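For reference, the structure discussed in these notes is given below.
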Amino acid sequence: ETPAKLDVLSVTVAVSETEIAYLQQATWVEKPARLFRRLLGETLRAQTGALVLDSDDTPLLAGKIVRGTLREMGYDATTSSVVVQYDAVVSIPDGEAIARRFEARESGILAEPGAVGDALNRTANTVAGEVAAWVAEAG
């Protein structure tokens, strides 16, 4: 899941607490939620060796189900930083569900497509790695 401001192919820029814009000449190849979902799946596979099914309609019963909301994945003009924020929920077979928020920021980034893109890549990988480690420990 993701808020409407991230349900676009443009890189979001927080201009103020209540105003957003989009970084000129910077677009995603897919919407951020889908990109992060793929990154998280690949990171889980690589770090845990687990079978990761990237589908909501699988006929298999999963040992753990990971879902969440990508809250932020963009540029903050007020602090010259990029931010990736993800609220994760893990459901385990005994019916228990646990939740945690993950966030990575990188400051001192110029509002240029290349610099923002590189920093978003690093922060998204940081968050995905932290989520994968947490999921491996859960349940």
Side-chain angles (χ1 to χ4, degrees):
E1 294 182 25
T2 190
K5 71 180 182 180
L6 294 180
D7 195 25
V8 295
L9 292 175
S10 299
V11 176
T12 304
V13 176
V15 179
S16 70
E17 291 285 327
T18 59
E19 185 180 9
I20 63 167
Y22 296 97
L23 190 61
Q24 290 184 357
Q25 299 177 350
T27 58
W28 299 105
V29 294
E30 284 186 278
K31 292 180 181 178
R34 184 68 185 145
L35 289 171
F36 188 76
R37 181 177 176 162
R38 287 180 194 219
L39 173 63
L40 182 55
E42 287 300 317
T43 304
L44 283 164
R45 283 181 196 94
Q47 288 188 10
T48 68
L51 172 63
V52 177
L53 303 172
D54 188 6
S55 176
D56 294 329
D57 57 351
T58 179
L60 300 174
L61 294 176
K64 294 179 186 175
I65 298 174
V66 180
R67 59 187 184 278
T69 302
L70 183 64
R71 297 268 177 219
E72 298 287 343
M73 192 167 180
Y75 185 75
D76 184 345
T78 64
T79 61
S80 298
S81 60
V82 299
V83 61
V84 175
Q85 186 182 81
Y86 180 70
D87 290 345
V89 178
V90 174
S91 301
I92 52 180
D94 69 1
E96 182 183 0
I98 52 176
R100 183 171 160 197
R101 175 170 284 175
F102 296 86
E103 180 175 299
R105 289 181 174 270
E106 191 170 321
S107 300
I109 307 300
L110 296 175
E112 298 172 352
V116 170
D118 290 345
L120 280 169
N121 184 46
R122 289 188 298 271
T123 54
N125 277 289
T126 296
V127 170
E130 291 174 359
V131 172
W134 176 71
V135 168
E137 294 174 4

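Remember, predicted model here, so these are calculated numbers, not experimental data.
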Using atom types as modelled, flag every donor-acceptor pair under 3.5 Å from a side chain in residues 98-120 to any protein atom, sequence neighbours excluded.
residue: Arg101; atom: NE; partner: Asp87; partner atom: OD1; Å: 2.6
residue: Arg101; atom: NH2; partner: Asp87; partner atom: OD1; Å: 3.4
residue: Arg101; atom: NH2; partner: Asp87; partner atom: OD2; Å: 2.9
residue: Glu103; atom: OE1; partner: Gln85; partner atom: NE2; Å: 2.5
residue: Glu103; atom: OE2; partner: Arg105; partner atom: NE; Å: 3.0
residue: Glu106; atom: OE1; partner: Arg122; partner atom: NE; Å: 3.0
residue: Glu106; atom: OE2; partner: Arg122; partner atom: NE; Å: 3.2
residue: Glu106; atom: OE2; partner: Arg122; partner atom: NH2; Å: 2.4

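Partners of Glu30 by side-chain contact (heavy atoms from CB on, under 4.5 Å), not counting sequence neighbours, listed by chain and number: Arg34, Leu35, Arg38. Judged as a side-chain contact (heavy atoms from CB on, under 4.5 Å), and not counting sequence neighbours, the contacts of Ala97 are Val89, Ser91. When the side-chain hydrogen bond (donor to acceptor under 3.5 Å, both in side chains) test is applied to Gln24, no partner is found at least two apart in sequence or on another chain. Remark: Ser10 pairs with no residue by the side-chain hydrogen bond (donor to acceptor under 3.5 Å, both in side chains) rule, at least two apart or across chains. Partners of Ser16 by side-chain contact (heavy atoms from CB on, under 4.5 Å), not counting sequence neighbours, listed by chain and number: Thr18, Glu19.
Contact check for Pro32 versus Leu70: side-chain heavy atoms found under the 4.5 Å cut-off.
Residue pairs satisfying the ring pair (Phe, Tyr, Trp, His ring centres under 6.0 Å) criterion with at least one member in residues 106-129, sequence neighbours excluded, are absent. Within the structure, ring pair (Phe, Tyr, Trp, His ring centres under 6.0 Å) pairs that include any residue of residues 69-101 comprise Phe36-Tyr86 (at least two apart or interchain). Here salt bridge (charged side-chain N to carboxylate O under 4.0 Å, His left out) pairs that include residues 4-17, with residues two or more places apart or in two chains, are Lys5-Glu72, Asp7-Lys31.
Interatomic distance, CD of Glu130 versus CG of Asn125, reported as 11.0 Å (0.5 Å rounding).
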(message) Applying side-chain contact (heavy atoms from CB on, under 4.5 Å) to Leu40 and Val131, what does each step give before you reach the verdict?
(response) CA-CA 8 Å; Leu40 182 55; Val131 172; 3.6 Å; yes
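The two atoms that bring Ala77 and Val15 nearest to each other are CB-CA, 4.5 Å, heavy atoms only. The two residues Val13 and Leu23 make their nearest non-hydrogen contact at CG2-N, 3.5 Å.
Think of Val83 as one node in a network of Ile, Leu, Val, Met, Phe, Trp and Tyr side chains linked at under 4.5 Å; it has no links at all. The other members of the hydrophobic cluster of Tyr22, by chain and number, are Val8, Ile20 (side-chain heavy atoms under 4.5 Å, ILVMFWY only).
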